[in-house]
Amino acid sequence: IIKQKVLIIDGAMGTQIQAFDIPQDAWEGNEGCNELLNVTAVDIMTKIHRQYFAVGADLCKTNTFGALPWVLDDYNIGNRAYELAKAGAKIVKNLADEFSTPQKPRFVLGSIGPGTKLPSLDHMHYDESYKGYIECALGLIDGGCDIFLLETMQDPLQIKAAIHACEEACSLRDVEIPIMVSVTIELSGTMLIGTDATTIATILEPFNLLSLGFNCGTGPEQVLKHVKTLSEVWHKPISVHANAGLPQNRGGYTFYPMGPDEFAKKQENFLKYDGVSFLGGCCGTTPQHIRALVDL
């Protein structure tokens, strides 16, 4: 394995939120809307993000995966996308400033998820998707975001809407913020609508991206072959933040079986391939998983 400089992305926000005893009133009657906690449980969100910076993460994802109007509409708060995105970025920005040193700067990774509707399947119109992503991106910028992370993406049209929205938001604020794209490859070997690693690389090649990579869906073992394929056709940085193994059902609860040391060793295999520049964790990964990656 060729050792190379990689930046470490933090782990699973949702996993950590579930580990905390969230006061019932923090949900404001919308239990399950994690983004709401950016304004109703700031202390808890700060504790969670602090854990990841404390173990050595270089980039910390904001709790804004679902800070999109059409996602928040399910809780009747679709008009709060900008507010919740800005609040989420501000929490991480304060911690990034606290933990940064000249030798090890820390960065705010503005998490933008796919939402619950896919344009390619006519769940929503492209223009509606584009407009919603702009709201989220503007909130992230105003909260102090350093990098946009479009993660768990499942649809090329959805990705294009999000990229163009991030670019438009940057234009509106007169800033330049790099964009990372991370797609989800299912066990079938493709994204949800059938796009494989080679195809998505071809589709996104014209865009000015910081990186392209994979997250969620599977564990490190299953994503390895897709990293190999991407390294052969994508000549920019690659990111990988896999789940802690394939999920299992234990007593009605989702359980991820891979411990920190095994997880880190599996992900170290990605460094065999040209371009792999970011490693991190997705579902089931804790601060201990990230510490193991830092210690590689």
Side-chain angles (χ1 to χ4, degrees), residues 10-49 60-93 108-145 148-155 158-159 161-162 165-166 169 182 184 192 215-217 247 252-254 282-284:
D10 67 349
M13 193 70 193
T15 299
Q16 293 306 293
I17 289 174
Q18 291 170 15
F20 273 78
D21 184 16
I22 307 295
Q24 198 59 40
D25 60 356
W27 296 110
E28 296 184 345
N30 287 312
E31 190 160 356
C33 182
N34 290 344
E35 292 72 24
L36 194 56
L37 303 179
N38 293 334
V39 296
T40 63
V42 175
D43 288 349
I44 292 176
M45 293 301 101
T46 300
K47 287 179 182 177
I48 293 173
H49 291 305
C60 192
K61 291 176 287 184
T62 56
N63 179 39
T64 55
F65 184 79
L68 301 163
W70 63 92
V71 176
L72 298 175
D73 276 342
D74 290 341
Y75 301 97
N76 298 311
I77 55 171
N79 62 322
R80 299 183 67 179
Y82 169 86
E83 172 199 358
L84 298 181
K86 180 179 179 180
K90 187 175 180 180
I91 292 170
V92 182
K93 176 62 174 175
V108 182
L109 202 50
S111 171
I112 303 177
T116 51
K117 300 177 180 179
L118 304 183
S120 289
L121 298 182
D122 292 328
H123 294 159
M124 68 189 308
H125 194 276
Y126 175 94
D127 290 348
E128 180 187 358
S129 178
Y130 170 72
K131 181 180 177 182
Y133 279 125
I134 289 177
E135 286 188 50
C136 180
L138 286 173
L140 290 171
I141 292 171
D142 292 347
C145 171
F148 292 122
L149 173 65
L150 312 181
E151 62 174 332
T152 323
M153 290 288 159
Q154 303 157 343
D155 171 2
Q158 171 190 72
I159 296 170
C166 289
S182 182
T184 294
L192 196 59
N215 78 290
C216 206
Y253 293 93
T254 302
C282 200
C283 299

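Keep in mind it's a predicted model, so treat the numbers as computed, not measured.
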Requested in this report: Apply side-chain hydrogen bond (donor to acceptor under 3.5 Å, both in side chains) to S129 and list each qualifying residue two or more places apart in sequence or on a separate chain.
Outcome: none
Query raised in the report: Applying the side chain to side chain contact (heavy atoms under 4.5 Å, CB included) test to C166, which of I134, L140, I141, I112 qualifies?
Result: I112
Report task. Measure across S182 and L149 and return the closest heavy-atom pair with its distance rounded to 0.1 Å. Result -> CB-CD1, 4.2 Å
**Report entry** Residue pairs fulfilling side-chain hydrogen bond (donor to acceptor under 3.5 Å, both in side chains) with at least one residue in residues 113-124, sequence neighbours excluded
**Finding:** S120-D155
Query - Rounded distance [0.5 Å steps], OG1 in T46 versus CG in N38 - result: 9.5 Å
Query - Heavy-atom pair with the smallest gap, counting every atom of S111 and K61 - result: CB-CB, 4.4 Å
Report task. Please name the pair of heavy atoms, one in A81 and one in E135, separated by the smallest distance, quoted to 0.1 Å. Result -> CB-OE1, 4.0 Å
Query raised in the report: For G113 and M153, which heavy atoms make the closest approach, and how far apart are they?
Result: O-CE, 3.5 Å
Report task. Quick one: closest heavy-atom pair of C283 and A12, and the distance? Result -> CA-CB, 3.8 Å
**Report entry** By ring-ring contact (aromatic ring centres under 6.0 Å, His included) - contacts of W70 (at least two apart)
**Finding:** Y133
Which donor-acceptor pairs under 3.5 Å do side chains of residues 14-26 form with protein atoms, sequence neighbours excluded?
unit_1, atom_1, unit_2, atom_2, d
T15, OG1, G284, N, 3.0
Q24, NE2, E31, OE1, 3.1

Query raised in the report: Hey, what do you get for CD (Q158) to OG1 (T152), rounding to the nearest 0.5 Å?
Result: 9.5 Å
**Report entry** Interatomic distance, C136 atom SG to L68 atom CG [nearest 0.5 angstrom]
**Finding:** 5.0 Å
Query raised in the report: Pairs in or reaching into residues 136-145: which pass salt bridge (Lys or Arg N to Asp or Glu O under 4.0 Å), with residues at least two apart or in two chains?
Result: D142-R173
Requested in this report: Could you grab the distance from atom CG of N34 to atom CE of M45, nearest 0.5 Å is fine?
Outcome: 7.0 Å
Query raised in the report: For the residue pair C33 and L72, what are the closest heavy atoms and their distance?
Result: SG-CD2, 3.7 Å
Report summary line: Rounding to 0.5 Å, atoms CD (E35) and CE (M13) come to a distance of 9.5 Å
Query - Close side-chain approach of L192 to T184, heavy-atom, < 4.5 Å - result: no
Query raised in the report: Under 4.5 Å between any side-chain heavy atoms of T62 and C145, yes or no?
Result: no
Requested in this report: Tell me, with the steps shown, if L109 and F148 meet side-chain contact (heavy atoms from CB on, under 4.5 Å).
Outcome: CA-CA 6 Å; L109 202 50; F148 292 122; over 6 Å; no
**Report entry** Close side-chain approach of I91 and N63, heavy atoms under 4.5 Å
**Finding:** no
Report task. Provide the full list of salt bridge (Lys or Arg N to Asp or Glu O under 4.0 Å) pairs with a residue in residues 65-90, sequence neighbours left out, each pair given once. Result -> E28-R80, R80-E83
Report summary line: To the nearest 0.5 Å, atom CG of N215 lies from atom CG of L150 at 10.5 Å
Query raised in the report: Are the side chains of E151 and C216 in touch, meaning some heavy atoms are under 4.5 Å apart?
Result: no
